[in-house]
Amino acid sequence: MTETAPMNETRTVTPARSLRGEITVPGDKSISHRSIMLGSLAQGTTRVRGFLHGEDNHATLNAFRAMGIVIDELPGGDLRIEGKGLHGLTEPGDVLDCGNSGTTIRLMTGLLSGQNFFSVLTGDRYLRKRPMKRVLAPLATMGARIWGRGGGELAPLAIHGGALKGTEYDSPISSAQVKSALLLAGLYAEGPTTVREPHLSRDHSERMLRYFGAEVRPFEGGVTVTPQPQLEGREVAVPGDISSAAFFMVAALIVPGAELLIRNVGVNPTRSGIIDILQAMGGSIERLNARELSGEPVADLLVRGSSLKGIEIGGAVVPRAIDEFPVISVAASFAEGTTIIRDARELRVKETDRIAAMVSELSALGGRVEARDDGMVIEGVESLTGGSVKSHGDHRIAMSMAVAALRARAEVTIDDTACTATSFPNFWSLLDNVRV
Ligand code: S3P
């Protein structure tokens, strides 16, 4: 059972006897952001089914409304976006607040660089600490004029949009936010824009740009976009977010006798690293009913309680599972032997430093976790103790600790859980529904 205390949304999660049932998780956060952006820039109407009504996506939605785009919420939660074409946005009358959303601020920085007006982007106290030069520096090579605090590293960012020229950028990090910012700016540039990255990051921008009629050419190690006369409004069906499903996958694996069917999950290969990692640990996960929705692969996932074993994780799978490492560290805490996570330094600059946060919170419950500069080393334990833990204001830390609590010996209290509304507003009720 989970209980809410009204003040700071502290919640208490009790150990689970077992878990059973069928669930559908909310729509994919990354795809939902992109559907608003491309729907607004397209000619004609875009209808979005399965849109994620989380706080991050509402930040993007409000920003486009503030630039003159009409977006209606239909009964049932679908969106209807009246696109005004690539040059139809108007100068916003105020600062655009991206809230907690790194995807909103970084993709919009690229997009706004190509608009013929002035704009300012900011966010909450967590977002205002996150690195922005990773997008500002390559955008500057395209001729973008952007200013930020700390010599251009930190938001608020002020953008004087205008003429851009295409670029060739070898990104030192595998980041879909960096890649997407450049591809969106590239729609407005003179000449093609090419981005290379060490390992392929999520390719939702590439797929959706193509779905809306853009010329996007992926090649081994990178992608090229060609400036576009026009995008065409489309119907977009957003699959369930595999990053949200991941909490229920790990929950079902670590609770003995559990069995969960998670329907309609996006299993794009650039996102499905969590399935590969958990299967390599010995987890029973079956993909059923594989199909495609608006250019994105989708399946139902049947997950059963399993004995897990420790493994080594690094290299190309890391960007394919980048948001899942908090909950992977929970799975590893219940696996036999040692799990080593490396090549995951990016975890230090997510909504919070997720390496430090998971080491601190799992340790508070008797977990054996050590931080490395670029990852973690985790020794499996029989079970965790009860106790009090912190979310660090990070949705994925809060939900990971709720999953850990299911296999603890006594109840776990998690502070400040309101942040789960960022990506998974009905997480707590779904968790209650599958307890038996
Ligand atoms: C996202 C890209 C990833 C991911 C984030 C969403 C996106 O960030 O962590 O949650 O929608 O493009 P990075 O590009 O910083 O790796």
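Each ligand, and each atom within it, is numbered from 1 in the order the structure gives. Residue indices begin at 1 and follow the sequence shown.
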* With atoms numbered from 1 as shown, which atoms in ligand 1 lie under 4.0 angstrom from a non-hydrogen atom of I322? ->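 Taking each heavy atom of I322 in turn, ligand 1 has 9 (O) under 4.0 Å.
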Return the residue, atom name and 0.1 Å-rounded distance of the protein heavy atom closest to [atom].
atom                    : value
atom 14 (O) of ligand 1 : S175 OG, 2.6 Å
atom 6 (C) of ligand 1  : T103 OG1, 3.4 Å
atom 3 (C) of ligand 1  : K350 NZ, 3.9 Å
atom 10 (O) of ligand 1 : D323 OD2, 2.7 Å

With respect to [X], determine whether any N or O atom, backbone or side chain, lies less than 3.5 Å from an N or O atom of ligand 1.
X    : value
S30  : yes
E351 : no
S180 : no
A176 : yes

* To do: Using a strict 4.0 Å threshold on nitrogen-to-oxygen distance, state whether R271 and D241 make a salt bridge.
  => yes
* Option from R134, R202, R106 for which side-chain contact (heavy atoms from CB on, under 4.5 Å) with Q177 holds ->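 That would be R106; it is the only one of R134, R202, R106 passing the side-chain contact (heavy atoms from CB on, under 4.5 Å) with Q177.
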* Pairwise distance CG(L182) to CE(M142) - rounded to 0.5 angstrom ->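 Here the rounded value is 6.5 Å.
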* To do: Measure the spacing between CE of M249 and CG of L301 and express it to the nearest 0.5 Å.
  =>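 So the CE of M249 and the CG of L301 are separated by 5.0 Å.
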* Hey, looking at atom 1 (C) of ligand 1, which of K29, Q177, H204 has the closest heavy atom? -> Q177
* Taking everything shown except R80 itself, do over 12 heavy atoms lie less than 6.0 Å from its CZ? -> no
* Would you find a donor on one side and an acceptor on the other, under 3.5 Å apart, between the side chain of S306 and the backbone of L308? ->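 No: the side chain of S306 does not pair with the backbone of L308.
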* Asked: What do we get for K179 next to ligand 1 when only non-hydrogen atoms under 4.0 Å count, side chain, backbone, both or neither?
  ->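 No part of K179 is near ligand 1 at this cut-off.
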* On the 0 to 90° scale, with breaks at 30° and 60°, tag the F424-F247 ring pair as parallel, tilted or perpendicular. =>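 Ring orientation of F424 relative to F247: tilted.
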* To do: Return the minimal non-hydrogen interatomic distance between A246 and S243, and the atom names on each side.
  =>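 In this case the closest contact between A246 and S243 is CB-O, 3.6 Å.
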* Contact check, R34 vs ligand 1, heavy-atom distance below 4.0 Å ->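 For ligand 1, residue contact (heavy atoms, under 4.0 Å) with R34 is present.
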